[in-house]
Amino acid sequence: VLKMRWLHISDIHYNPKDAGVNTKKLIKRLPEYLAEQKIEVDHVFVTGDFRHAGRQFDKDNKAVADDAAALIRELSAVVGVTATANIHIVPGNHDITRYKESKDIRRLKEIRKRYDAHDGSFTDDSQEFLLNRFEFFGCVHAALYGSDETAWKSELMLAQNYRIFDEFNLLYLNTALFC
């Protein structure tokens, strides 16, 4: 019988400029709490919303991505996960670029209308358009795994990807795809 211990973190909404008092306390206190409780796990899952979407057009997005990844690494290390292969991330709806231009919104609606869930594929130009919305997530991915900002596109495919481990399999779903 497989016994896997894991920690699930979601909705960090890392926002150093406008973080409220409670968020700042949580970010400071959570690693201490995990250490005090002597929590140890095998895998860490972070399911999106690494930043606050209201800050998506800030010039310091790369720094925010680096800081969010550093927080994930810190929390993971506190619970005994030092290998990045055991840290699993997927984007959330705050990790994509939210379009304001009507032409981009029309394009997104057209892609959504043409998408066939049974086939599960996109045309190359539609896929590239959608993937470009995840630039911030690419920065988090690069900061965490040490790859360049576009490497995640092949590692974490647009709609879903999977990894096979000796004892279990993981299916990663990008639920922010059409957000």
**Distance, nearest 0.5 Å, that separates CD1 of Ile72 from NE2 of His88** = 12.5 Å

**Message:** Counting C-beta onward and ignoring hydrogens, is there a side-chain heavy-atom pair between Asn93 and Arg98 closer than 4.5 Å?
**Reply:** yes

**Prompt:** Okay, side chain of Arg51, backbone of His94: is any donor-acceptor separation there less than 3.5 Å?
**Reply:** yes

**Prompt:** Are Lys3 and Glu167 ion-paired here, with the side-chain N under 4.0 Å from a carboxylate O?
**Reply:** no

**Request:** Could you tell me whether the side chain of Thr97 reaches within less than 4.5 Å of the side chain of Asp104, counting heavy atoms only?
**Result:** no

**Prompt:** Under a 4.5 Å cut-off applied to non-hydrogen side-chain atoms, are Leu170 and His43 in contact?
**Reply:** no

**Heavy atoms from other residues, nucleotides or ligands near OH of Tyr33 exceed 12 (cutoff 6.0 Å)** = no

**Request:** Give, for atom CD1 of Ile87 and atom OG1 of Thr82, the distance between the pair rounded to the nearest 0.5 Å.
**Result:** 8.5 Å

**Request:** Search all heavy atoms of Phe137 against all heavy atoms of Val90 and return the closest pair with its distance.
**Result:** CE1-C, 3.6 Å

**Message:** Does atom CG (Asp125) have a neighbourhood of more than 12 heavy atoms from anything else shown, all under 6.0 Å?
**Reply:** yes

**Message:** Do Leu26 and Val21 sit in one hydrophobic cluster, given that two such residues count as connected whenever their side-chain heavy atoms are within less than 4.5 Å of each other, even indirectly?
**Reply:** no

**Prompt:** Step by step, would you call Arg133 with Leu108 a side-chain contact (heavy atoms from CB on, under 4.5 Å)?
**Reply:** CA-CA 11 Å; Arg133 298 182 71 203; Leu108 187 57; 3.4 Å; yes

**Request:** Any chance you could measure Ile27, atom CD1, to Ile12, atom CD1, to the nearest 0.5 Å?
**Result:** 7.5 Å

**Request:** Would you sort out whether Asp42 and Asn86 count as a side-chain contact (heavy atoms from CB on, under 4.5 Å), showing the intermediate values?
**Result:** CA-CA 7 Å; Asp42 305 304; Asn86 292 351; 5.7 Å; no

**Request:** Indicate yes or no: at least one non-hydrogen side-chain atom of Glu135 is less than 4.5 angstrom from one of Asn61.
**Result:** no

**Request:** Could you tell me whether the side chain of Lys25 reaches within less than 4.5 Å of the side chain of Lys28, counting heavy atoms only?
**Result:** no

**Separation between CG of Asp66 and CZ of Arg73, rounded to the nearest 0.5 Å** = 8.0 Å

**Request:** Check side-chain contact (heavy atoms from CB on, under 4.5 Å) between Leu75 and all other residues, then give those that pass, not counting sequence neighbours.
**Result:** Ile9, Leu30, Pro31, Leu34, Leu71

**Asked** Backbone N or O of Phe134 within a donor-acceptor pair of the Asp95 side chain at under 3.5 Å?
**Response** no

**Prompt:** Considering all heavy atoms of both residues, which atom of Lys62 and which atom of Cys139 are nearest to each other, and what is their separation?
**Reply:** CD-SG, 4.3 Å

**Prompt:** Do Glu110 and Arg107 meet the salt-bridge criterion of a basic N to acidic O distance under 4.0 Å?
**Reply:** no

**Item:** Distance in Å, Phe136 CZ paired with Phe50 CZ, rounded so as to fall on 0.5 Å steps
**Value:** 8.0 Å

**Prompt:** Which heavy-atom pair separates Ala65 from Ala143 by the least distance, and what is that distance?
**Reply:** O-CB, 4.1 Å

**Item:** Output field: ring centroids His141/Tyr172 closer than 6.0 Å
**Value:** no

**Asked** What are the two closest heavy atoms between Thr84 and Leu144, and how far apart are they?
**Response** CG2-O, 3.6 Å

